[in-house]
Amino acid sequence: MERPAWLLAAAALVVLVVINGLVQKGFFAPMVLQSNLTTFLPLVLVAIGQTYVILAGDIDLSVGAVAALVNVITVSVMAALGGSAGAIAAGMAAGILVAVACGLLNGLLIAVLRLQPMVTTFGTGIIFSALALWVLPQAGLVVPDAYWSTYGGAILDVPTVLWILLLAGLFVFVLARLPFQSWLKAVGGNRSGAFQSGLPLTGIRIKAFVLSAIFAGLAALCLTGETATGDPLMGQSLGMGSISAVALGGTLLSGGVGGAMGSILGALLLGMIGNVIYFAGLPYEYQTLVQGLIVLAALAGGVVLARR
């Protein structure tokens, strides 16, 4: 039931790659491809995490705020410890731990206290944004040179961003073959039936929110490497962008059907849409309108095919 929608996203991505090759000069040059992947990667990561929440029938609007909070915590710890290799590792670890805490808070509020997911994550997102501004009121705290140069460079002659994408894809591939993803689909597709079958609904939903926050944290680390600075307003578009990417990849927003591999395609598809619009030379005032119409058409097609 999911396969046609997954194929739709893949086919649309191929078409947009061809069009992009025509409108963007040197699109297939290695440096241009690396630059595009660097731009698209944060949304890809957030979309992966968002998928697991949506599969369980929930939604996470706080991912952008989580990314901002992780960013300012990471750069603040690095700066406080002097910017050495150990400081970089400590900053990254602190950022991911903060992401885990944010995911746990969302999961506990929603799965244990049974608060409404959309309203709750909207509210916690405001709290996380306020904390980010409290930690770093203004953008501009610079990260160590070793951090951004490694992120923008290569490991074993392979761009670091490509390694990250491959590792994320491997994680998605492995998790799709573990019982946990089937449990998520069961919870999202038929929550009462999943409960009656003995599945630990509370634990499953909490883990989904933790995964979502961790991937938002990883996206923040990527954004930190890309911008080489701390910014408490970072990642504001990631929330709605990730939801769009998930739907474009064939996952039903009502839960129970889909997978994160399709969400990766959906995120790349969104990035390519933006590229085509920009390099086609459309006036700025029309770019957002055209992008919105394309996304709506793709979402509608994905939903129709996924329900067949």
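- Residues L69 and V72 form a side-chain contact, since some pair of their non-hydrogen atoms from C-beta on lies under 4.5 Å apart.
- Here the side chains of L253 and I243 are in contact, with some heavy-atom distance below 4.5 Å.
- By the side chain to side chain contact (heavy atoms under 4.5 Å, CB included) test, V172 pairs with I48, Y52, A260, M261, I264, sequence neighbours left out.
- Between F40 and N275 there is a side-chain heavy-atom pair separated by less than 4.5 Å.
- In this structure, the side chain of E226 does not engage the main chain of Y151 through any donor-acceptor pair within 3.5 Å.
- Side chains of N190 and S192: a donor-acceptor N/O pair is present below 3.5 angstrom, by distance only.
- Rounding to the nearest 0.5 Å places CG of L269 at 10.5 Å from CG of L43.
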N/O donor to acceptor pairs below 3.5 angstrom from side-chain atoms of residues 99-107, sequence neighbours left out:
unit_1	atom_1	unit_2	atom_2	d
N106	OD1	T124	OG1	2.7
N106	ND2	S62	OG	3.0

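- How far CD1 of I110 is from OG1 of T202: 12.0 Å, rounded to the nearest 0.5 Å.
- Using modelled atom types, no side-chain atom of S76 and backbone atom of I73 make a donor-acceptor pair closer than 3.5 Å.
- Under a 3.5 Å cut-off, the side chain of W163 and the backbone N or O of I155 do form a donor-acceptor pair.
- Listed for the S35 side chain is no donor-acceptor partner under 3.5 Å among the backbone atoms of M31.
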**Message:** Set out, in order, the CA-CA distance, both residues' side-chain angles and the distance that settles side chain to side chain contact (heavy atoms under 4.5 Å, CB included) for M92 and I96, then state yes or no.
**Reply:** CA-CA 6 Å; M92 294 172 66; I96 295 301; 5.7 Å; no
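- Residues F27 and L22 form no side-chain contact, since every pair of their non-hydrogen atoms from C-beta on lies 4.5 Å or further apart.
- Under the side chain to side chain donor-acceptor pair (under 3.5 Å) criterion, no residue pair touches residues 77-89, with sequence neighbours excluded.
- Remark: side-chain polar atoms of T160 are paired, donor with acceptor, to backbone N or O of T150 under 3.5 angstrom.
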Output a table of donor-acceptor pairs, distance under 3.5 Å, between side-chain atoms of residues 205-222 and any protein atom two or more places apart or on a different chain; print 'none' if there are none.
unit_1	atom_1	unit_2	atom_2	d
R205	NE	D58	OD2	3.0
R205	NH2	D58	OD1	2.9
S212	OG	D60	OD2	3.0

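- A search for side chain to side chain contact (heavy atoms under 4.5 Å, CB included) contacts involving W148 returns V143, D145, A228, not counting sequence neighbours.
- Residues satisfying the side chain to side chain contact (heavy atoms under 4.5 Å, CB included) criterion with L37, sequence neighbours excluded, are V161, L162, L165.
- More than 12 heavy atoms of other residues, nucleotides or ligands shown are found within 6.0 angstrom of CZ on F171.
- Interatomic distance, L270 CG to M240 CE, rounded to the nearest 0.5 Å: 11.0 Å.
- Residues I59 and Q50 are in side-chain contact: their nearest non-hydrogen atoms beyond the backbone lie under 4.5 Å apart.
- Under the 4.5 Å side-chain criterion, counting only non-hydrogen atoms from C-beta, T227 is not in contact with V75.
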